[in-house]
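Take a look at the structure set out below.
One-based numbering along the sequence shown.
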Amino acid sequence: MESSSEMVPFPLLMTPIESNYRACTIPYRFDSDNPRKPTPTEILWLDLFFNATPSFRERAESDTTVDDAPIKAEEFAARYNAMLEDIKRDPQSHGGPPNCILLCRLREQLLRELGFKDIFKTVKDDENAKAIPLFKEVVQLNDAIEDGSKRLESLIRGIFAGNIFDLGSARLAEAFTKDGTSFLASCQSLVSRPWVVDDFDLFKLKWSRKSWKKAVIFVDNCGADIMLGILPFARELLKRGTQVVLAANDLPCINDVTYPELLEIISKLKDENGLLCGVDTSGLLIANSGNDLPVIDLTSVSQELACLASDADLVVLEGMGRGIETNLYAQLKCDSVKIGMVKHPEVAQFLGGRLYDCVFKYSEVI
């Protein structure tokens, strides 16, 4: 479904929204902090965004769709870093005080102003091309697991392994530039349980006892993330009779999968009968979330997604940006899962876990 311009609150947010929802998991500051002086947490995160700027500049330099890309990429880096320095001097500048949504929005707005529409398109296309042939293999490996609980665990591990593909992390962007990564090897090398947030055993118990009528999954990245992580899990839900809505970004941002890209991916993975490795996809819907950032504020989604989600009884927010940094503590009117890998040391420190630790937060609504 296409997105319209007017945005509305996600209908499954606990009301009143004003007192129950805040689209920022990590508090950068408190009411008692001096509004004109940056807090230590703000400085930490401003430095994180500053350190990520070179990888964005390099991607922008190589964007062949933009005239004078190297010059404009340098202008982007200089102007964005200047914004970060401004905010360090005065947290109220540039629409502050800062949080992860504001810092992402300033970066994306600046890129678009300079003509850069999708600086990660080449790498997304490459990762999609690598993942498509592996989809059937991953599905077959999971289908061969007869024990339902063990199969679910394999599917969830697949989501974590796929979520490693995240070029919003400076360290991972560097690793992908060097030699890429192996999905199956990533499945084997996940940190040991218990994870830093680990409600998986409870979810596994509920999985064995109940089925949901409709699940909305806010998806994250292209490549292995969507194709080898989320789609095998979504296919398993379809097999159980659950209708599945995949909500993807409206506009390109880092390596996040967009609505048009997801439509194309699904069409390539279906066979001539419209089946997904033998599973009927009539219950699979693709929605444009209306979002244009790697994080999401659930008070602002497309009307179409809001309409599709109104009767859902399970919401899954996947990825560090959506599931951890902005919505880990989001209270919903239905069952929810927040799932993602911790890819910033600052997030690991806040949660009290390890870098590349896993978050699986399940909340059940009776």
Side-chain angles (χ1 to χ4, degrees), residues 1-28 30-31 95 97-105 159 197 199 202-203 206 210 212-220 230 233-234 237 242-251 253 256 259 285-340 347 350-351 359-366:
M1 297 184 69
E2 296 289 349
S3 173
S4 63
S5 57
E6 187 176 346
M7 307 288 275
V8 297
F10 189 60
L12 296 173
L13 282 174
M14 195 71 74
T15 53
I17 294 174
E18 296 75 16
S19 57
N20 282 291
Y21 180 72
R22 181 172 178 266
C24 192
T25 298
I26 302 173
Y28 285 24
F30 297 97
D31 292 340
N99 57 32
C100 58
I101 291 178
L102 175 65
L103 297 178
C104 287
R105 180 172 290 122
I159 293 176
V197 179
D199 296 326
L202 176 59
F203 181 73
K206 298 301 178 182
K210 69 186 290 186
W212 296 270
K213 63 177 182 178
K214 181 187 278 190
V216 175
I217 304 177
F218 288 86
V219 300
D220 195 7
I230 286 296
F233 175 70
L237 284 169
T242 303
Q243 191 176 28
V244 177
V245 178
L246 300 179
N249 266 20
D250 181 28
L251 298 177
C253 179
D256 290 21
Y259 169 75
L285 301 172
I286 313 302
N288 188 329
S289 69
N291 191 44
D292 62 351
L293 299 175
V295 291
I296 190 166
D297 182 345
L298 292 178
T299 64
S300 182
V301 302
S302 71
Q303 293 182 56
E304 289 76 16
L305 174 59
C307 180
L308 285 174
S310 61
D311 61 342
D313 51 359
L314 176 65
V315 171
V316 179
L317 287 141
E318 186 238 354
M320 186 171 66
R322 293 166 187 80
I324 302 176
E325 289 181 349
T326 49
N327 289 291
L328 184 60
Y329 303 131
Q331 298 181 61
L332 300 174
K333 297 176 183 177
C334 66
D335 291 1
S336 63
V337 171
K338 289 74 175 270
I339 180 170
V347 178
F350 172 77
L351 294 175
V359 166
F360 190 97
K361 183 176 177 60
Y362 172 59
S363 301
E364 183 181 24
V365 173
I366 307 300

Query raised in the report: So, do Asn291 and Asp250 sit near enough that their side-chain heavy atoms are less than 4.5 Å apart?
Result: no

Report summary line: In short, Val8 meets Ala306 closest at the heavy-atom pair CG2-CB, 3.6 Å

Query - Side chain to side chain, Val359 and Leu351, heavy atoms closer than 4.5 Å - result: yes

**Report entry** Side chains of Leu314 and Cys334 in contact at under 4.5 Å (non-hydrogen atoms)
**Finding:** no

**Report entry** For the student: nearest non-hydrogen atoms of Leu12 and Ser310, plus distance
**Finding:** CD2-O, 3.9 Å

Query raised in the report: What heavy-atom pair brings Leu102 and Pro97 nearest, and what distance separates the two atoms?
Result: CD2-O, 3.9 Å

Query raised in the report: Considering residues at least two apart in sequence or located in another chain, which fulfil the ring-ring contact (aromatic ring centres under 6.0 Å, His included) criterion with Phe360?
Result: Phe200, Phe203

Query raised in the report: Do the side chains of Ile101 and Leu293 get nearer than 4.5 Å, heavy atoms only?
Result: yes

Query - Intermediate values then yes/no, side chain to side chain contact (heavy atoms under 4.5 Å, CB included), Lys361 and Leu328 - result: CA-CA 8 Å; Lys361 183 176 177 60; Leu328 184 60; 3.7 Å; yes

Report task. Report the C-alpha distance between Ile17 and Thr299 in whole Å, list the side-chain angles of each, state the deciding distance to 0.1 Å, and finish with yes or no for side chain to side chain contact (heavy atoms under 4.5 Å, CB included). Result -> CA-CA 8 Å; Ile17 294 174; Thr299 64; 3.8 Å; yes

**Report entry** Heavy-atom pair of closest approach, residues Gly319 and Asp220
**Finding:** CA-OD2, 3.3 Å

Report summary line: Interatomic distance, CD1@Ile296 vs CG@Asn249, rounded to 0.5 Å, equals 7.0 Å

**Report entry** Atom pair CD/CG of Gln243 and Leu308 - distance to nearest 0.5 Å
**Finding:** 8.0 Å

Report summary line: In terms of heavy-atom contacts, Gly290 and Met7 come closest through O-CE, 3.2 Å

Query raised in the report: Side chains of Glu325 and Val347: does their closest heavy-atom pair fall under 4.5 Å?
Result: yes

Query raised in the report: In Å and rounded to the nearest 0.5 Å, what is the CD1 to SG distance from Ile324 to Cys100?
Result: 11.5 Å

Query raised in the report: Between Ile217 and Phe233, is any pair of side-chain heavy atoms under 4.5 Å apart?
Result: yes

Requested in this report: Rounded to the nearest 0.5 Å, what's the gap from NZ on Lys213 to OG1 on Thr242? Could you check?
Outcome: 11.5 Å

Query raised in the report: How far apart are the C-alpha atoms of Tyr21 and Thr15, what are their side-chain angles, what is the distance that settles it, and do they pass the side chain to side chain contact (heavy atoms under 4.5 Å, CB included) test?
Result: CA-CA 8 Å; Tyr21 180 72; Thr15 53; over 6 Å; no

Query raised in the report: Does a side chain donor of either Arg22 or Asn327 reach within less than 3.5 Å of an acceptor in the other side chain?
Result: no

Requested in this report: Can you tell me which residue pairs pass the side chain to side chain donor-acceptor pair (under 3.5 Å) test with a partner in residues 328-338, sequence neighbours excluded?
Outcome: Lys210-Asp335, Trp212-Asp335, Asp335-Tyr362

Query raised in the report: Do Phe10 and Phe218 have ring centres separated by under 6.0 Å?
Result: yes

Query raised in the report: Taking the side chain as C-beta and beyond, is there a heavy-atom pair between Leu13 and Leu332 under 4.5 Å?
Result: yes

Report summary line: Rounding to 0.5 Å, atoms CG (Asn99) and OG1 (Thr326) come to a distance of 10.0 Å

Report task. To the nearest 0.5 Å, tell me how far Asp292 CG sits from Asp256 CG. Result -> 10.5 Å

Report task. Could you pull out the closest heavy-atom pair between Ala287 and Val245, with the gap in Å? Result -> CB-CG1, 3.9 Å

Query raised in the report: Is any side-chain heavy atom of Ile230 less than 4.5 Å from a side-chain heavy atom of Glu318?
Result: yes

